[in-house]
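I have placed the structure first, in the form of structure tokens, so that the comments after it can refer back to it.
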Amino acid sequence: MFHSIEKQVSQAFRALIQARYGIDLAAAIEQPRQSDFGEMAVPAAFQLAKQLRQAPRQIAAELVAGIGPIPGVASMEIAGNGYINLRLDRGAYGYALLRGDAEGTAGSGEKIIVEHTNINPNKAAHIGHLRNATLGDTFVRMLRARGERVEVQYVIDNTGVQVADVVVGFLLEGKHPEDVRALIADPKVRFDYYCWDLYARISARYQQEPELAQWRSRTLHAIEAGEGEMAEMGRVVAEAIVEAHLATMLRLGVEYDVLPRESEILHLKFWASAFEQLKSRQAIYLETEGKNKGCWVMPGLSEEGKVIVRSDGTVTYVGKDIAYQLWKFGLLGKDFYYRPLRTYADGRVLWTTTDKAEESGAAVEFGHGTRVYNVIDSRQSYLQDVVVAGLRALGYEQQAANSVHFSYEMVALSPRCCADLGIEIPEEDRKRPYVEVSGRKGQGVKADDLIDSLIAKAFDEVSSRHTESSAEEQKRIATQIAIGSLRYFMLKYTRNSVIAFDLEEALSFEGETGPYVQYAAVRARNILRKLEERGEKLPDFGAELDAARMARQLEAEDFWQVLLAASKADSAVDRAVIAGEPAHVAKYAFQLAQAFNNFYHQYPILQEQDREKRIFLLWMTDFFRRQLERTASILGIPIPEYM
RNA sequence: GGGGGCGUAGCUCAGUUGGAUAGAGCACCGGCCUUCUAAGCCGGUGGUCGGGCGUUCGAAUCGCCCCGCCCCUACCA
């Protein structure tokens with residue numbers, strides 16, 4: 001509602017400025033600094049002042065005189081040096097919200113691909129992966145809320161060195177595929193945790209015993225070829241770890257559409273196709289001298305260019321990534337076969353790739369996107385730039401422009417957190433705000449451990465407040481609180497802020513946290529539930545309230561401000577999508593919860609004696625509840641029945 | 001050396017893309033539970049927006065120069 005008035009105001013000013021001054025200006029709409037200035041501010045006069053060589057205040061006066069009525073806007077006034085402040089028609093606004101006038105979330109019609117999570121399938125997920133998945137999943141929810149068609153991909157690098165390293169670890173411990181299968185089946189062993197430690201052990205041995213390097217490369221080749229015991233072990237490990245990762249992510253409500261695997265990218269010779277294209281369009285060249293002699297190199301990105309094909313003829317990871325990015329846009333001329341992997345509770349089917357046509361399930365199509373977001377941490381921005389440069393060099397200008405590296409900074413640990421975990425850090429690092437830890441050394445916070453800690457903490461809170469409920473029910477509520485807490489924590493930081501992870505901070509349920517947001521929604525529900533417990537029904541708001549009554553109630557500034565805040569959910573999501581910043585939605589949810597908590601304390605709704613006011617307040621409560629629930633669901637934050 | 005990011009209250013961070021008197025949370029101090037749940041609410045303390053110069057009606061935001069920190073800059077993935 002707010003958003004559509006915003007658009008109308010912007011268009012009206014744009015048309016007027018075009019007609020009057022012949023200038024095309026996308027008139028910005030701002031929020032006035034103080035709420036008593038009105039609901040919208042148009043600073044267009046400032047933007048025009050220079051070109052027109054007139055005082056902003058005078059231009060503002062001309063604009064106000066010429067603009068004419070805009071539906072939903074009650075008044076306009078000039079303030080400061082030339083701001084045009086608008087006040088909305090409160091009654092009409094409230095009544096439109098009550099009627100639920102459609103916003104029109106048609107979407108762009110594009111097919112958007114979002115790739116996220118992408119954890120190496122060789123060990124348990126850690127908190128860095130949680131940030132990736134939470135950001136990616138929330139961005140997907142934001143896009144879908146705007147009516148966009150989105151496909152979620154999670155690439156499985158099941159043929160990479162990280163898997164090979166774990167396989168080497170098993171081999172050196174004398175294990176065969178059946179032993180690994182037994183480990184996976186053993187209920188006393190958490191396989192992903194086992195591999196976490198094994199990976200640290202083998203990494204340490206590589207350091208000590210350089211001669212083991214040949215094991216690594218032999219294993220890697222075997223896995224790539226897909227034949228023999230090593231390859232079988234690689235498959236067993238990767239499949240089990242992928243299952244573990246999917247389970248971890250599902251705890252947070254993160255789902256995917258398709259898991260493309262490197263093994264198929266390899267076996268279906270995606271690279272060969274891309275290589276032909278790159279060669280024939282001269283996007284890469286064969287270096288004949290210098291340190292890159294004998295390599296196929298992409299020029300332009302650095303002085304010596306970027307090696308795409310090594311002198312031994314093998315392709316680098318970036319090369320494969322270019323092929324994969326081409327596939328996403330439907331530009332490769334090759335495709336995967338697919339088989340269903342599992343069905344989620346909501347009926348969504350998760351597919352994975354296969355190289356066998358005969359395994360292929362029902363006719364499904366993936367890829368062929370028009371816009372692609374790769375959720376990958378900022379340390380890989382150089383490689384992402386190479387991929388985009390590759391598209392550009394092939395002449396796919398449009399697709400290059402529509403390839404977005406949705407980057408984010410890493411999750412590091414606070415020195416205090418390192419100390420708690422027993423991770424030794426050098427003396428000089430103690431006073432730094434954060435320390436990057438090494439997965440190779442087995443350092444870090446495992447995703448499931450963190451989730452478990454959060455559930456335990458929430459469980460203590462729930463069980464102390466609700467002694468009447470069963471343990472299972474308390475556990476269910478605690479889990480919802482833990483998820484809300486974790487997702488909010490990962491989302492409250494903007495993408496380019498390094499998270500210095502601190503356990504104590506992450507475990508807080510007070511202040512700007514997920515539980516705060518959940519609590520406000522629970523309170524709103526409580527009011528409505530209490531009403532029914534007293535034998536009353538929710539009033540028929542449409543029959544009881546009209547524009548005039550709305551106008552009367554909304555004269556109260558407090559009510560108007562809460563309603564206004566609650567009505568801006570779509571606008572907030574829109575802005576956040578444009579900015580590519582899920583944190584903005586999180587911030588909005590928090591501010592909305594804050595506004596409601598304030599309102600909640602000040603106005604005991606069920607005690608209200610005035611009939612019209614009471615009905616109005618109930619409607620406000622219900623409206624707020626719907627808006628906050630909607631926003632929370634975009635953030636992937638569940639709302640518990642009680643807290 | 002080159003590329004990117006960061007520097008805002010004691011701490012952790014926002015700041016709607018150049019707008020009006022710079023905001024939250026935590027911490028600290030003082031109030032509020034017989035009411036729809038105190039995971040809450042109200043009030044208070046706390047700022048040279050790293051420093052300087054510039055651009056203009058107007059700068060935390062843009063440009064240049066410094067200072068400090070981080071990441072990247074492989075024939076590893």
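All figures in this text were calculated on a predicted structure; none of them were measured in a lab. Proteins come first, then strands; the chains are lettered A, B, ... in the order of their sequence lines, and each starts at number 1.
For the C1' atoms, the distance from B:C76 to B:C72 is 14 Å, rounded to whole Å. With both ends at atom P, the span from B:C26 to B:C42 equals 11 Å, rounded to whole Å.
For the pair A:Arg379 and B:C70, the criterion of a side-chain N or O lying under 4.0 Å from OP1 or OP2 is not met. Phosphate proximity of B:C71 to A:Tyr408: absent, as no side-chain N or O sits under 4.0 Å from OP1 or OP2. For the pair A:Gln47 and B:G18, the criterion of a side-chain N or O lying under 4.0 Å from OP1 or OP2 is not met. Applying the 4.0 Å criterion to OP1 and OP2 of B:G4, one finds that A:Asn496 has every side-chain N and O outside that range. Of the side-chain N and O atoms in A:Arg523, one or more sit less than 4.0 angstrom from OP1 or OP2 of B:A38. Contact between the side-chain N/O atoms of A:His405 and the OP1/OP2 oxygens of B:G4 is not found at any separation under 4.0 Å. Between B:A74 and A:Lys291, no contact under 4.0 Å exists linking OP1 or OP2 to a side-chain N or O. Contact check, A:Tyr382 against B:C72: no side-chain N or O comes under 4.0 Å of OP1 or OP2. Here A:Ser497 reaches the OP1 or OP2 of B:A14: one of its side-chain N or O atoms lies under 4.0 Å away. The shortest distance between the side-chain N/O atoms of A:Arg310 and the OP1/OP2 oxygens of B:C76 is below 4.0 Å. In this model, the phosphate group of B:C42 is approached by a side-chain N or O of A:Asn598 to a distance below 4.0 Å at OP1 or OP2.
Taking 4.5 Å as the limit, every side-chain heavy atom of A:Trp296 sits out of range of all side-chain heavy atoms of A:Val307. Contact annotation: the side chain of A:Leu507 approaches that of A:Leu454 to within less than 4.5 Å [non-hydrogen atoms, C-beta and beyond].
A syn orientation is assigned to B:C33, its glycosidic angle lying within 90° of 0. Nucleotide B:U61 is shown with an anti base, its glycosidic torsion being more than 90° from 0.
Atom OH of A:Tyr434 is separated from atom P of B:C70 by 7 Å (rounded to the nearest Å). Between A:Ile376 atom CD1 and B:A77 atom C1' there is a gap of 12 Å when expressed in whole angstrom units. Rounded to whole angstrom, the span from the CG atom of A:Leu628 across to the P atom of B:G40 amounts to 15 Å. One atom, CD of A:Glu224, and another, C1' of B:A77, lie 11 Å apart when rounded to the nearest Å. For A:Phe590 and B:G25, the CZ to P distance is 5 Å, given to the nearest whole Å. A straight line from CG of A:Leu491 to C1' of B:G25 spans 16 Å, rounded to a whole angstrom. Rounded to whole angstrom, the span from the CD atom of A:Gln602 across to the P atom of B:G40 amounts to 18 Å. Between A:Ile29 atom CD1 and B:U17 atom C1' there is a gap of 15 Å when expressed in whole angstrom units.
Comparing atom distances between the A:Glu512 side chain and each of B:A24, B:A77, B:A38 picks out B:A24 as nearest. Minimum atom distance to the side chain of A:Asn292 is reached by B:C75, of the listed B:C36, B:U16, B:C75. You'll find that the side chain of A:Tyr493 is closest to B:U12, out of B:U12, B:A39, B:C70. In the set B:G40, B:C13, B:A20, the nucleotide with an atom closest to the side chain of A:His601 is B:G40. You'll find that the side chain of A:Lys306 is closest to B:A74, out of B:A77, B:A74, B:C36.
Note on A:Arg614: nothing from the nucleic acid sits closer than 4.0 angstrom, heavy atoms only. In this structure, A:Arg529 reaches neither bases nor backbone, as no heavy-atom distance under 4.0 Å exists between it and the strands shown. Across all strands, A:Gln162 comes closer than 4.0 Å to no nucleic acid atom at all (heavy-atom distances). Residue contacts for A:Pro56: at a heavy-atom cut-off of 4.0 Å it reaches no nucleic acid atom on any strand shown. Counting any heavy atom pair closer than 4.0 Å across all strands shown, A:Ala41 reaches a base atom. Residue-level contact check: A:Phe46 touches the bases, meaning some heavy atom is under 4.0 Å from a base atom. Residue A:Val498 is classed as a sugar-phosphate contact, given heavy-atom separations below 4.0 Å to backbone atoms only. Contacts of A:Tyr516 with the nucleic acid, taken as non-hydrogen atoms under 4.0 Å apart, involve only primed sugar atoms and P, OP1 or OP2.
Salt bridge annotation for A:Glu505-A:Arg416: absent, with no cationic side-chain nitrogen under 4.0 angstrom from a carboxylate oxygen.
A:Tyr382 and A:Gln384 share no side-chain donor-acceptor pair at under 3.5 Å.
With hydrogens and angles ignored, a donor-acceptor pair under 3.5 angstrom links the side chain of A:Asn85 to the base of B:A20. If you check distances only, the side chain of A:Ser311 does reach the base of B:C75 with a donor-acceptor pair under 3.5 Å.
Within a 6.0 Å radius of NZ in A:Lys475, other residues, nucleotides and ligands contribute 12 heavy atoms or fewer. Atom CD of A:Glu533 has more than 12 heavy atoms from other residues, nucleotides or ligands within 6.0 Å.
Consecutive Watson-Crick or G-U pairing (both distances under 3.5 Å) extending over three or more pairs maps onto RNA chain B as B:1-7 with B:67-73, B:10-13 with B:23-26, B:28-32 with B:40-44, B:50-54 with B:62-66.
Every residue two or more places apart in sequence or in another chain that forms a side-chain hydrogen bond (donor to acceptor under 3.5 Å, both in side chains) with A:Glu536 is listed here: A:Arg614.
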- After noting the C-alpha distance and the side-chain angles of A:Tyr516 and A:Phe590, does the key distance pass the ring pair (Phe, Tyr, Trp, His ring centres under 6.0 Å) rule? CA-CA 8 Å; A:Tyr516 180 95; A:Phe590 173 67; 5.0 Å; yes
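A cation-pi contact links A:Arg216 to A:Tyr206, judged by a cut-off of 6.0 Å to the six-membered ring centre and 45° from its axis.
Side-chain rings of A:Tyr408 and A:Tyr493 stay apart, their centers remaining 6.0 Å or farther from each other.
An aromatic stacking contact links A:Tyr600 with the base of B:C36, defined here by ring centres under 5.5 Å apart and ring planes under 30° from parallel.
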